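To keep things clear, I will list the structure first and then write my remarks on it.
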Number of protein chains: 2
Amino acid sequence: MGFAVDIAPSRRDDTTFDAEVHAGWDIGGNANGGYLLAIVGRAVTEATGKPHPVTTTAHYLAPAKAGPVTVDVDVVRSGRRHATARAALRSADATHIVALSTTADLADGGEALLVDGTPPELPDPETCARMAPAAGGPPSFAAKVDMRLHPDDGGFMDGASTGRARMRGWFRLADGEALDPLALLLASDGFPPTIFNTDLPVGWTPTVELTTHVRGVPAPGWLACAFSTRFVTGGYLEADGEIWDSAGTLVAQSRQLALVPRPSEL
Amino acid sequence: MGFAVDIAPSRRDDTTFDAEVHAGWDIGGNANGGYLLAIVGRAVTEATGKPHPVTTTAHYLAPAKAGPVTVDVDVVRSGRRHATARAALRSADATHIVALSTTADLADGGEALLVDGTPPELPDPETCARMAPAAGGPPSFAAKVDMRLHPDDGGFMDGASTGRARMRGWFRLADGEALDPLALLLASDGFPPTIFNTDLPVGWTPTVELTTHVRGVPAPGWLACAFSTRFVTGGYLEADGEIWDSAGTLVAQSRQLALVPRPSEL
């Protein structure tokens, strides 16, 4: 099944959508946070009647497994240009995500008045190794997407980290499916943690909160993505993302706050 | 009245706080967005029983005037380390803000493992001019706080913008009141828009969404703040903030998405 199908909810009533966390979008059994965010974003755009999730914030409360979920959407404002909704993704077991999203039609926007940045410098996708699912395991997130890390930043997989908290690479959907703004929500939480490229004694960094700004509708083709972390302090880190489309346009910015577990919690 | 008093709500029941948007925290009659966020943050920390708003996102739906408001807080998770709440600030006229916040006790955090950045370079506060309230107008936000812009970045007030979308300066409360993490929410939306230092034909940039990460409890003294914008595209801009305390510790990061009105909307 494709991404668009795997995030599509079915509307039950004014405020409730039935959806399913499909198998295969998980990492170690827990659904990827960007995939869950895209399910929420899809429900919110439908409930608000505006096509693009311009800014969406999710707080991650509990991991989600494959299975049926509901997305409750409460549209708190519906204006001419913007609509804002609160949403929650729940299963029979837990509330997994609470979110806020403001939607609009990006075609209403204006021209680029200031662009102070460029896409990350990446070798051609053909020369970057595709991230493979874990050997011997079931198909998982890495098979649903096609992620190709910058050779320097992919070194951590062979024990050769750069020492710099950065992760750059190409992103597309595995079956060549067209990327839409909802796929940008997916990409904004798709890459391995930045700090895998450092020597910090941190093995996992659960997301506390993720905010993604969709700044444009991506042109067809690969997305060039860069994530970086500047501060690992007080038990938290931020990861800042930039996503550029094949036309060299910034199409999304993201920032997440992640927990850095204490050694006693590892 | 001081900041702590002016943001303090009174608890009506499990989920409702009565509060007041006090006069004097406004800019042109509309309460500052950071001040409103601090009212919400104060209610959320009380409702969750955890002292620090680690990550808070607000979507701004309608400007708020001075007067009574309620803050509805729905605690959706209360764990050992973190609690998460949804909140809304409403008056008789409108819902002004909807917010999500995760709270914790920052004293539970760990040491600094990575710090890739330094406070902005600012001349001593004594040599930076204090931002004055508009001449002839009533006391307003600029009188409640003590903001001193970097001389370069304050030039826009005299028609001499730097051409760079950046705003740096010192921040404290006007009466020398101690700064707590809630005051960081205030500071994260306190400075003039970054793009006042560009030549773009943009006169106002209403906040769509503001996310503030509180990364530390500030040491006493001035806060050194820096805000910058890299992309003004598609009718939106982001403003990224860093707030450092007097000990040289990063205590907050913020990002807001603001609307860039089209010429026809000015």
Side-chain angles (χ1 to χ4, degrees), chain A residues 54-59 61-62 76-77 79 81-82 84-86 88 94-95 98-102 104 106 108-117 164-165 195 198 200-202 208-209 211 213 215-216 228-238 240 249-250 253 255 257 259-260 262-263, chain B residues 54-59 61-62 76-77 79 81-82 84-86 88 94-95 98-102 104 106 108-117 164-165 195 198 200-202 208-209 211 213 215-216 228-238 240 249-250 253 255 257 259-260 262-263:
Chain A
V54 173
T55 171
T56 306
T57 291
H59 289 232
L61 310 185
V76 292
R77 177 189 53 173
R81 182 160 179 184
H82 292 108
T84 300
R86 316 214 270 192
T95 298
V98 286
L100 277 176
S101 184
T102 289
L106 287 167
D108 287 347
E111 60 190 321
L113 299 175
L114 173 67
V115 176
D116 178 10
R164 186 163 169 197
I195 59 164
T198 69
L200 297 176
V202 180
V208 176
E209 173 256 312
T211 296
H213 296 172
R215 299 292 294 268
S228 59
T229 295
R230 295 173 53 220
F231 303 97
V232 183
T233 63
Y236 300 90
L237 63 82
E238 91 288 354
D240 283 346
T249 301
L250 179 91
Q253 282 186 304
R255 175 176 286 165
L257 187 73
L259 184 64
V260 179
R262 289 164 288 197
Chain B
V54 173
T55 171
T56 307
T57 291
H59 288 231
L61 310 185
V76 291
R77 178 191 51 174
R81 182 161 179 183
H82 291 108
T84 300
R86 316 213 269 191
T95 298
V98 286
L100 276 177
S101 184
T102 289
L106 286 167
D108 288 346
E111 61 189 322
L113 299 176
L114 172 67
V115 176
D116 178 10
R164 185 163 169 194
I195 59 162
T198 68
L200 297 177
V202 180
V208 176
E209 173 257 313
T211 296
H213 296 172
R215 300 292 294 266
S228 59
T229 295
R230 294 173 54 220
F231 302 97
V232 184
T233 62
Y236 301 90
L237 63 82
E238 91 289 353
D240 283 346
T249 301
L250 178 90
Q253 283 186 305
R255 175 176 286 164
L257 187 74
L259 185 64
V260 179
R262 288 164 288 194

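Everything quoted here is computed from the prediction, not taken from an experiment. Numbers restart at 1 for each chain; the letters A, B, ... are given by sequence-line order, proteins then strands.
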query: Using non-hydrogen atoms only, which part of Ala99(A) is less than 4.5 Å away from chain B: side chain, backbone, both, or neither?
result: backbone

- prompt: With a 4.5 angstrom heavy-atom cut-off, which part of Glu111(A) approaches chain B: side chain, backbone, both or neither?
  reply: backbone

From CD (Glu238(A)) to CZ (Arg255(B)), nearest 0.5 Å: 10.0 Å

field: Proximity breakdown for Ala104(B) and chain A, heavy-atom pairs closer than 4.5 Å
entry: side chain

message: So which residue, Leu100(A), Val115(A), Thr95(A), ends up with the most heavy-atom pairs under 4.5 Å with chain B?
response: Leu100(A)

Interface moiety of Ser101(A) toward chain B, non-hydrogen atoms closer than 4.5 Å: backbone

- prompt: In this structure, are over 12 heavy atoms from other groups packed under 6.0 Å from Arg77(B) atom CZ?
  reply: yes

query: At a heavy-atom separation under 4.5 Å, does Thr57(A) approach chain B through its side chain, its backbone, both, or neither?
result: both

- prompt: Is there a donor-acceptor contact under 3.5 Å linking the side chains of Thr84(A) and His59(B)?
  reply: no

Max heavy-atom pair count under 4.5 Å with chain B, selected residue of Leu257(A), Leu106(A), Thr249(A): Leu257(A)

field: Residue selection (most heavy-atom pairs with chain B, distance under 4.5 Å) from Val208(A), Thr211(A), Asp240(A)
entry: Thr211(A)

Most chain A-contacting option - heavy-atom pairs closer than 4.5 Å, from Gly234(B), Ala58(B), Ala112(B): Gly234(B)

- prompt: Which distance, rounded to the nearest 0.5 Å, do you find between the CZ of Arg86(B) and the CZ of Arg86(A)?
  reply: 5.5 Å

- request: Measure distances from Leu113(A) to the heavy atoms of chain B and classify the residue's part below 4.5 Å as side chain, backbone, both or neither.
  value: both

Arg215(A) (side chain) donor-acceptor with Phe231(B) (main chain) under 3.5 angstrom: yes

Leu250(B) side chain near Arg230(A) side chain, heavy-atom distance below 4.5 Å: no

statement: Okay, Leu61(A) and chain B: the region with an atom under 4.5 Å from a heavy atom over there is both

query: Thr229(A), Thr102(A), Thr198(A): which one forms the most heavy-atom pairs within less than 4.5 Å of chain B?
result: Thr102(A)

